[in-house]
K.L.:
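Below you will find the structure I want to go over with you.
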Amino acid sequence: MAAVTEEQVEAVRALVSSIPAGRVATYGDIADAAGLSSPRIVGWIMRTDSSDLPWHRVITAAGRPAAHLATRQLARLRAEGVLAADGRVPLRGENSVRHAF
DNA sequence: GGGATGACGACCT
DNA sequence: GAGGTCGCCATCC
């Protein structure tokens with residue numbers, strides 16, 4: 001009786017996989033776009049089923065990835081063209097898919 | 001079966 | 001403007 005159906009998980013995976021390089025998305029946006037009730041579900045999916053998804057393109061609403069992965073995330077994002085200022089990804093402008101959603 | 005934890009967000013103080 | 005608290009759903013112990 002999973003409140004979150006496989007379809008929801010698939011939607012999240014599709015959205016994350018649909019994030020273009022040089023752009024980042026927030027957990028809240030993905031959760032909302034996938035129709036999830038809680039952004040935590042997105043994090044749960046990433047942790048449980050990270051598969052081949054560009055999880056490094058998913059950051060928190062604070063514009064900063066998880067503490068343990070922050071270094072890894074920033075390094076990858078920087079390689080994709082996302083310049084993080086002081087370990088923070090500028091969610092403002094075209095850097096975030098928020099506008100695309 | 002129950003409690004604590006976790007890739008988070010939003011609201012309140 | 002910054003920090004702390006509560007709520008959210010699922011998993012792990």
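Computed from a prediction, not measured in an experiment: that's the story for all the values here. Chain letters run A, B, ... following the sequence lines, proteins first and then strands; every chain starts at 1.
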K.L.:
Going by heavy atoms closer than 4.0 Å, what residues in residues 13-37 of chain A are next to DNA chain B?
P.N.:
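Only A:Tyr27, A:Gly28 qualify.
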
K.L.:
Figure out the CZ/P separation between A:Arg47 and C:dC8, and round it to whole Å.
P.N.:
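Checked: the CZ to P distance equals 20 Å.
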
K.L.:
When you look at A:Phe101 and A:Asp32, which way does the side-chain contact (heavy atoms from CB on, under 4.5 Å) test go after all the steps?
P.N.:
CA-CA 10 Å; A:Phe101 289 156; A:Asp32 183 62; over 6 Å; no

K.L.:
Please report the distance, rounded to the nearest Å, between CH2 in A:Trp44 and P in B:dG9.
P.N.:
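Between P of B:dG9 and CH2 of A:Trp44: 17 Å.
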
K.L.:
Starting at CD1 of A:Ile41 and ending at P of C:dG7, how long is that distance when rounded to a whole Å?
P.N.:
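Value for this atom pair: 17 Å.
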
K.L.:
Among B:dC8, B:dG6, C:dA10, which nucleotide has an atom closest to any side-chain atom of A:Thr60?
P.N.:
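Nearest listed nucleotide: B:dC8.
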
K.L.:
Send over the distance from A:Leu69 CG to B:dC8 C1', rounded to a whole Å.
P.N.:
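So the CG-C1' distance, A:Leu69 to B:dC8, works out to 14 Å.
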
K.L.:
Please determine whether side-chain contact (heavy atoms from CB on, under 4.5 Å) holds for the pair A:Gln73 and A:Trp55, giving the CA-CA distance in whole Å, both sets of side-chain angles, and the decisive distance to 0.1 Å.
P.N.:
CA-CA 8 Å; A:Gln73 300 268 73; A:Trp55 53 271; 3.0 Å; yes

K.L.:
Do A:Val58 and A:Ile19 come within less than 4.5 Å of each other through their side chains, counting heavy atoms only?
P.N.:
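A side-chain contact exists here, since the closest heavy-atom pair is under 4.5 Å.
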
K.L.:
Considering non-hydrogen atoms only, spot the tightest contact between A:Leu91 and A:Ala62 and give its length.
P.N.:
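Closest pair (atom of A:Leu91, atom of A:Ala62, distance): CD1-C, 4.3 Å.
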
K.L.:
Of A:Leu77, A:Val82, A:Val89, which is the lone residue that meets side chain to side chain contact (heavy atoms under 4.5 Å, CB included) with A:Arg57?
P.N.:
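Checked A:Leu77, A:Val82, A:Val89 against A:Arg57; only one passes side chain to side chain contact (heavy atoms under 4.5 Å, CB included): A:Leu77.
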
K.L.:
For A:Trp55 and B:dC8, give me the distance from atom CH2 to atom P, rounded to whole Å.
P.N.:
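Atom CH2 in A:Trp55 sits about 13 Å away from atom P in B:dC8.
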
K.L.:
Give the intermediate values and the outcome of side-chain contact (heavy atoms from CB on, under 4.5 Å) for residues A:Val97 and A:Ile30.
P.N.:
CA-CA 10 Å; A:Val97 285; A:Ile30 295 172; over 6 Å; no

K.L.:
Tell me: CZ of A:Arg40 to P of C:dT11, nearest whole Å?
P.N.:
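Interatomic distance, CZ of A:Arg40 to P of C:dT11: 14 Å.
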
